[in-house]
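These notes are about the structure you will find just below.
Scope of the values below: all heavy atoms of this structure, side chains included, with no hydrogens, waters or symmetry mates. Whatever order the structure lists them in is the order used to number ligands and atoms, beginning at 1.
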Amino acid sequence: MADVITAPAPARLPVVGSDDTFPIHRIYCVGRNYADHAREMGHDPDRDPPFFFQKNPDTIVADGGEFPYPDKSEDVHFELELVVALGRGGKDIPEDQALDCIYGYAVGLDMTRRDLQGEAKKMGRPWEVGKAFEFSAPCSALKPAAEIGHLDGGRIWLEVNGEVRQDGDLNQLIWSVQESIAYLSGLFTLAPGDLIYTGTPAGVGPVVRGDRLYGRVEGVGEIRITVT
Ligand code: MN
């Protein structure tokens, strides 16, 4: 038996210090997972808990590089995020077993067509046009948890053209990594290869062509992209 078409190969992330790669299954993203960011978007984090949406797995820009400014938008924003990569999946994973599912960590950008997302919010429509477009998920190489352990905190910050624009700490996450995995696994069957973008701290803003973005998470790594 043969396939009747040739579909694109799954996207992969490099693993730091190795020739091995991590194939990507799904990309989940947490919305409004830092209180200051929820407030800057006009929401009350005490009333509206975080929630999830997805990006398509082939939107990854592996290890940074060029981010082509997408069509149909005049207001594309950066959102710097800690990314969790699952080596194991499951359903209804208890919080105290969630960390065992993690293969590693990375630094990602949840690039967003904010104008299209805003229209979708207003009309009560889904967010894919704002969130799940090609190249919308630049992500650094993965650092295995076996090497760096797990993270209780650590600075997360983004510079645009050398100027700090986002600056937070992982200890500000409303839903911890464990809580996000446990909650998500009640809604979906998680699988090896899943990525979770864990949400962005305050300071999001627009990019223009030529901008150089440099994001870092202490203890995890860094990502660089140029908007083209
Ligand atoms: Mn985000």
TODO: State whether Phe133 and Arg113 meet the cation-pi test: NZ (Lys) or CZ (Arg) under 6.0 Å from the six-membered ring centroid, and within 45° of the perpendicular axis.
DONE: yes
- [ ] Assess the side chains of Arg32 and His43: does a donor N or O sit below 3.5 Å from an acceptor N or O?
- [x] yes
Could you identify the N, O or S atom of [X] positioned closest to the Mn ion (ligand 1)?
| X | value |
| --- | --- |
| Glu79 | OE1 |
| Glu81 | OE2 |
| Asp110 | OD2 |

Open item on the list: Check this for me, if you would: do Glu66 and Arg224 make a salt bridge, where the nitrogen-to-carboxylate-oxygen distance has to be below 4.0 angstrom?
Closed with: no
Open item on the list: Under a 4.0 Å threshold between the charged nitrogen and the carboxylate oxygen, would Asp44 count as salt-bridged to Arg39?
Closed with: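 Between Asp44 and Arg39 there is no salt bridge, as every charged N stays at least 4.0 Å from the carboxylate O atoms.
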